[in-house]
> 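Let me begin by handing over the structure; questions about it come next.
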Amino acid sequence: GSRPARTAKPEPLAVAAASDLQAAFPEIGALFERETGQPVRFAFASTGTLTQQIEHGAPFDVFAAANEDFIRRLEAGGHVLSDTVAPYARGHIVLAWRKGAARLESLEDLRDPAIHFVAIANPAHAPYGRAARQALEHASLWDPLQPKITLAENIRQATVMIEMGNAEAGIVARSVVAASGVEWTEVDASLYDPIEQTVAVVAGSPQSDAARRFVQLLLGEAGQRVLARSGFSPPGKGP
Amino acid sequence: MSDALVEIRLRKRLHAELTLEVDLELGTGCSILFGRSGSGKTTTLCAVAGLCRPDAGHVRVGDRVLYDSERGTSLPMRQRRVGMIFQDDLLFPHLSVRENVLYGLAHWPRQERGERLEAMADLFAIGPLLARRPASLSGGEKQRVGLARAIATRPQLLLCDEPISAIDQEGRAVLLAHLGRVQQTERIPVLYVTHSVQEAMALGEQVFVLDHGRVVARGTPLDVFTEPRQLSLARLTRVRNILSATVEQHASDEGLTLARVPGGPVLRVPLVAAPVGSTIIIGLRADDVLLARQPVTGISAQNMLEGRVTEILRHGADVEVLIDCGVRFVASVVPAAVTSLGLEPGGPVCMIIKARSCHLL
Amino acid sequence: MSDALVEIRLRKRLHAELTLEVDLELGTGCSILFGRSGSGKTTTLCAVAGLCRPDAGHVRVGDRVLYDSERGTSLPMRQRRVGMIFQDDLLFPHLSVRENVLYGLAHWPRQERGERLEAMADLFAIGPLLARRPASLSGGEKQRVGLARAIATRPQLLLCDEPISAIDQEGRAVLLAHLGRVQQTERIPVLYVTHSVQEAMALGEQVFVLDHGRVVARGTPLDVFTEPRQLSLARLTRVRNILSATVEQHASDEGLTLARVPGGPVLRVPLVAAPVGSTIIIGLRADDVLLARQPVTGISAQNMLEGRVTEILRHGADVEVLIDCGVRFVASVVPAAVTSLGLEPGGPVCMIIKARSCHLL
Amino acid sequence: MSVDLRPLYLTLEISLASTVLVLAAGTPIAWLLARKNFFGKHLVDALVMQPLVIPPTVLGYYLLVLLGRSSALGRFLEQHLGIVIVFSVPGAVLAAAAASVPLYIKPARAAIESVPRAYEDVARLLGRSEWSVLWTVTLPLAWRGIVAGAVMAFTRAMGDFGATLMVIGGRFQTVSIAIYDAWQAGDLSRANLLVLIITVFSILVLWSVSRLTGGRI
Amino acid sequence: MSVDLRPLYLTLEISLASTVLVLAAGTPIAWLLARKNFFGKHLVDALVMQPLVIPPTVLGYYLLVLLGRSSALGRFLEQHLGIVIVFSVPGAVLAAAAASVPLYIKPARAAIESVPRAYEDVARLLGRSEWSVLWTVTLPLAWRGIVAGAVMAFTRAMGDFGATLMVIGGRFQTVSIAIYDAWQAGDLSRANLLVLIITVFSILVLWSVSRLTGGRI
Ligand SMILES: Nc1ncnc2c1ncn2[C@@H]1O[C@H](COP(=O)(O)OP(=O)(O)OP(=O)(O)O)[C@@H](O)[C@H]1O
Ligand SMILES: Nc1ncnc2c1ncn2[C@@H]1O[C@H](COP(=O)(O)OP(=O)(O)OP(=O)(O)O)[C@@H](O)[C@H]1O
Ligand SMILES: [Mg+2]
Ligand SMILES: [Mg+2]
């Protein structure tokens with residue numbers, strides 16, 4: 001329930017955010033609160049889950065997805081305000097391996113028989129998983145590596161698999177490895193479609209003004225700085 | 001429709017070889033359902049209570065029809081107002097003895113409930129057990145609690161399934177007396193299952209003998225248990241002579257009471273505590289009747305009754321001699337005795353009966 | 001340590017007012033534990049079987065110590081080799097009658113198992129029930145299956161807790177005979193709980209009377225039940241004579257068997273199906289002994305035994321005459337008979353006993 | 001490390017409410033399945049188990065479809081009664097209840113079936129109504145199974161993550177969600193701490209149930 | 001829409017194997033909890049319930065910590081026996097078993113406790129060993145609770161998603177995972193179809209269990 005607010009704190013802004021933003025967004029929330037005095041409450045889940053919730057009227061104000069498709073789907077259904085749809089960051093996949101293990105230079109190195117398992121997010125629904133698959137396909141490694149490919153529910157789980165040593169290597173998101181204990185190297189961005197993480201204000205948000213301000217903060221310099229530190233690059237640009 | 005207080009007609013197939021088919025009419029009073037193990041006694045009670053469904057029949061208590069297969073009536077158990085005491089106690093294991101007894105009185109006013117509990121506790125001597133759980137009771141104690149629970153609710157019909165089989169003879173006598181009293185003060189018709197002649201005699205105003213699912217004999221205990229042609233009964237029981245007599249005189253120094261059997265002889269029986277003029281019922285086993293050609297003297301037997309042989313029934317090594325001496329007696333002897341005494345129908349005979357062989361029922 | 005086959009000493013506090021404290025010594029044969037409801041009979045059996053733990057005591061069967069509180073011994077139940085028949089049947093509800101009876105024979109060779117099952121089915125007349133589940137059995141049928149299950153395993157000690165209370169008198173007689181036979185052929189010591197004197201007489205070689213947790217009388221059924229000073233017992237029982245006799249001759253046309261009581265008279269009893277030379281046990285109620293000053297003729301009684309009065313005991317209106325005619329007999333008469341016959345200790349007396357009064361136990 | 005205890009309260013609140021709901025809705029169903037024969041009983045029996053078969057998140061999704069603000073029922077409730085079930089604590093309670101109800105019904109049914117009918121018949125003969133028989137005989141004699149089912153339902157509700165997450169819409173955090181979030185965020189020590197807290201907490205709860213039910217269960 | 005049936009077989013295989021495992025491991029525990037008193041019994045009782053309290057994914061994670069390739073046990077198994085438990089069907093079985101074992105132990109325990117000890121004593125008096133008593137008396141008389149628990153464990157294993165997913169590494173797809181994947185990908189009609197399939201399938205399974213256990217579960 002709601003408590004009687006001593007300092008008349010406004011109702012927090014509800015931001016639905018993709019799981020890969022878990023490292024970056026709390027800081028942006030703090031920025032927003034400092035700037036507006038209004039706190040932010042985040043709900044982290046997979047983009048698919050959040051999309052379903054919004055479609056069924058979840059009371060979010062802002063939705064920061066891990067890609068563009070789901071936002072477009074919501075837009076088509078009138079669940080987000082079209083004029084607020086904007087890419088806010090571009091995600092990147094990286095080749096990661098367990099700390100202390102032999103360094104990997106390229107995707108080719110995944111053929112190494114010492115590598116039994118290669119963890120990626122499930123390409124069926126995770127944007128970074130799809131990117132990983134594309135990269136492997138372009139490198140003609142998808143089929144030969146099949147026996148090694150290990151799917152995780154999301155990019156974070158894929159990272160955990162590497163971290164724990166269950167998979168010797170994997171292709172995960174740059175935004176996730178930063179905060180984890182794995183070593184990594186970039187994957188050539190030309191090998192996969194750019195991951196345009198897109199944001200929008202949820203239709204029917206009772207605080208759409210504040211929501212727009214949050215989106216502006218996210219797209220603005222301060223927000224971008226935080227995102228960059230977390231391994232994202234600005235939307236529509238290279239690494 | 002008969003004008004009996006309770007009418008029970010039931011048919012139920014139990015297995016390939018056994019179909020229960022009974023037809024009982026009960027009055028206010030205790031009716032005994034007597035019969036060997038497996039004859040269908042428990043099943044009869046269950047069908048009356050509604051615990052199992054007969055194939056067909058009609059059960060009426062007073063003007064309430066509990067079951068009628070033709071009209072499709074079958075009252076739910078809770079409306080039958082039938083109390084039942086089960087062969088295997090079926091006390092609620094999760095309730096104390098007190099709660100068990102009070103269980104059927106939930107809707108009674110508080111005070112009456114308390115009084116009834118007390119009355120039952122006194123009657124069945126379960127006062128000290130009230131706080132206990134059934135699991136810790138002895139066999140006989142369980143049976144007493146079961147009786148108290150069923151009787152507490154003042155049912156309109158009481159069904160007792162060998163309710164005191166685990167109770168010792170002394171306690172049994174006390175309980176039987178209590179039961180008789182309850183049954184008389186509350187005027188509840190009782191259907192009482194037992195295979196003890198003693199119980200049947202003590203309680204029964206009426207006996208139904210069940211055999212293989214059918215009523216093979218019915219009537220007063222006197223009639224039923226003395227009917228000599230009831231071979232199967234003869235084997236079940238031993239008391240064959242039952243006599244109703246009037247107390248004529250007490251000879252307390254001799255330890256004797258003289259009792260006259262209406263239309264028959266005066267019997268000398270062990271001293272009884274019944275006033276002169278009152279009626280007592282005397283049971284005498286056919287085995288206990290000694291026969292002689294003529295009266296003999298110098299023996300301890302107190303009764304010497306002359307009569308006439310009316311019939312001699314033989315079944316194998318068993319011989320039963322029916323004797324008329326105003327009332328009918330049955331004597332059971334070995335075949336050798338018939339020849340050595342030259343007994344024959346119509347001939348005279350003398351019955352020698354010990355006073356101690358005459359049991360007060 | 002006593003040299004009895006089975007030694008049972010137990011102490012167990014049951015509740016504030018009742019502490020069980022028994023001390024029994026059994027031989028091969030049937031010992032009766034007799035006592036009113038709640039006297040601690042079931043608890044005694046349970047403690048012997050290991051179903052409940054006594055506070056202290058010692059239980060030995062042959063040379064096997066089942067329990068000893070001082071030495072801290074308490075054999076696990078499965079090693080006690082004790083068979084028990086329970087007051088509330090406790091048949092396995094999920095097994096058929098056949099499986100119940102076979103349950104204790106799991107480790108027997110296949111063929112013996114089958115034979116034993118057949119023997120038990122015959123003995124207890126449960127053949128037609130073998131495929132049924134206990135839930136559908138009648139009360140008496142359950143008890144028979146319980147007996148079969150316990151006896152099948154050939155235990156070294158058999159504990160029976162009112163095993164035939166739900167069985168009719170005819171079936172009871174048959175079962176008692178069977179039980180007696182089993183007990184004799186297999187030489188199993190039996191501890192048998194009952195409050196029926198008939199059963200105690202039929203089976204018991206020894207009786208322990210329990211009252212409020214203590215053994216208040218012990219001895220042969222004759223001694224215990226004829227011990228006239230046991231007033232509480234007198235109320236619980238009817239006095240009887242028990243005689244062991246050897247079959248001497250069959251007179252089948254007369255329907256008689258002649259049996260000699262060692263050191264005593266020859267008794268004429270109803271024809272029995274026992275070979276000449278075999279030993280039978282004859283029960284005779286004290287009430288059934290008729291006394292005369294001298295032999296009389298022309299009566300149906302087949303036995304006329306001369307003896308000598310050893311003692312005359314009076315309690316109120318009851319008189320018991322103890323008679324020596326090689327073995328001791330007890331006759332129960334009314335006071336009037338004593339005077340009219342002029343009976344006195346040391347004087348001659350003649351006992352008149354009907355063949356039919358001699359019951360084969 | 002400072003730990004926000006509000007999720008713990010919320011979890012307790014939700015799981016208690018959910019358990020009450022499960023008991024209220026599950027007991028009649030368990031009883032029907034145990035004691036009555038009706039057409040489609042097997043189907044009901046199997047359907048009742050479905051929440052176990054479907055991934056909790058998807059289960060939550062179906063709840064959204066059924067009760068969400070764009071569903072017929074949800075719209076009706078919102079427009080006429082002003083009640084929004086989803087994305088609220090009641091929604092979370094519903095989700096937790098949906099996820100845990102099979103865990104109650106199954107053992108409760110088994111326990112009720114194991115109560116000898118004879119005792120119920122005795123109670124009926126003593127004049128008690130079906131309702132009264134249920135409360136004074138059937139359920140007390142089935143209590144071990146009932147309590148086992150209730151404890152499982154409570155525990156499951158406490159641990160529910162997928163269904164709650166879906167329905168609660170991130171507006172509140174239960175301990176499960178907090179654990180998952182911490183774990184997702186790579187904050188393992190926080191996740192472990194939370195697991196430890198919920199473990200200790202649930203042990204306390206189970207232990208008190210043990211004590212309350214007489215040391216057995 | 002073409003549906004790949006392999007996940008169905010795999011699901012059946014995993015859940016059957018998991019149920020066998022649960023029965024084998026859970027029965028002794030249930031029996032101990034029901035019939036023996038030992039120090040820390042309450043704790044064991046509560047610990048056994050923990051898999052219900054922890055989000056399945058995190059449970060899977062703990063399994064990985066315990067059995068993963070860099071854990072002591074996992075390393076030993078891999079180096080000396082060449083067995084890798086994670087990312088394999090045995091791993092999925094273990095995960096499903098871990099997630100479902102509380103659902104078995106709790107009702108099994110309650111059912112065993114409800115068996116009157118007198119029957120066990122009778123069996124002992126008839127010379128049977130404890131082991132034999134357990135098999136011929138205790139478990140048969142507790143069968144309703146046992147079957148209820150086993151059915152729940154089976155169903156839960158069939159529906160396990162979080163723990164299995166974590167351990168199986170997407171190298172195989174169970175129906176649950178397929179549902180989740182389809183649903184996450186926004187392919188609702190596929191998700192619904194899969195739910196329908198697993199529902200029908202589980203109804204068939206539950207129905208056959210019903211039939212096998214004499215129409216009464
Ligand atoms: N469901 C059943 N299936 C087959 N036979 C049954 C069933 N129920 C009862 N019987 C049989 O019907 C007969 C009558 O049973 P019932 O319980 O009425 O006997 P009873 O007269 O009460 O005997 P007892 O004095 O031993 O209690 C028994 O032989 C019993 O085995
Ligand atoms: N756990 C217990 N707590 C209190 N009293 C008990 C307990 N167990 C038995 N008793 C009492 O001990 C007495 C003896 O019980 P027991 O069952 O041995 O009697 P019994 O001689 O077998 O009687 P019955 O002939 O009625 O079966 C009874 O009065 C009973 O109530
Ligand atoms: Mg009966
Ligand atoms: Mg007893």
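Every chain is numbered from 1 and lettered A, B, ... according to where its sequence line falls, protein lines coming before strand lines.
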> Where does B:Leu91 contact chain D at under 4.5 Å (heavy atoms): side chain, backbone, both or neither?
backbone
> Contact between B:Ile85 and B:Leu158 at the side-chain level, heavy atoms closer than 4.5 Å - yes or no?
yes
> Strictly less than 4.5 Å between heavy atoms, which residues of residues 117-127 of chain B line up against chain D? Please order them by number.
none
> Short question: side chain of B:Arg60, backbone of B:Ala4 - any donor-acceptor pair under 3.5 Å?
yes
> Quick check: do D:Phe201 and D:Leu12 have side-chain heavy atoms less than 4.5 Å from each other?
yes
> Quick one: does B:Phe208's side chain get under 4.5 Å of B:Ser31's, heavy atoms only?
yes
> Given side chains that start at C-beta, do those of D:Val122 and B:Leu51 come closer than 4.5 Å, heavy atoms only?
no
> Of all of D:Ala123, D:Ala118, D:Pro116, D:Pro140, which one pairs up most often with chain B through heavy atoms under 4.5 Å apart?
D:Ala123
> Between chain B and chain D, going by a 3.5 Å limit, which atoms form donor-acceptor pairs, if any?
residue  : atom : partner  : partner atom : Å
B:Arg78  : N    : D:Arg124 : O            : 3.4
B:His94  : NE2  : D:Thr136 : O            : 2.7
B:Tyr103 : O    : D:Arg128 : NE           : 3.1
B:Tyr103 : O    : D:Arg128 : NH2          : 3.0
B:Tyr103 : OH   : D:Thr136 : OG1          : 2.4

> Looking at side-chain heavy atoms only, is the closest gap between B:Val48 and B:Val6 below 4.5 Å?
no
> Given side chains that start at C-beta, do those of D:Phe161 and D:Ile177 come closer than 4.5 Å, heavy atoms only?
yes
> Take atom CZ of D:Phe38 as the centre, draw a 6.0 Å sphere, and report whether it contains more than 12 heavy atoms from other residues, nucleotides or ligands.
yes
> So do the side chains of D:Leu139 and D:Leu134 get within less than 4.5 Å of each other, counting heavy atoms only?
yes
> Any side-chain heavy atom of B:Thr44 sitting closer than 4.5 Å to one from B:Leu159?
no
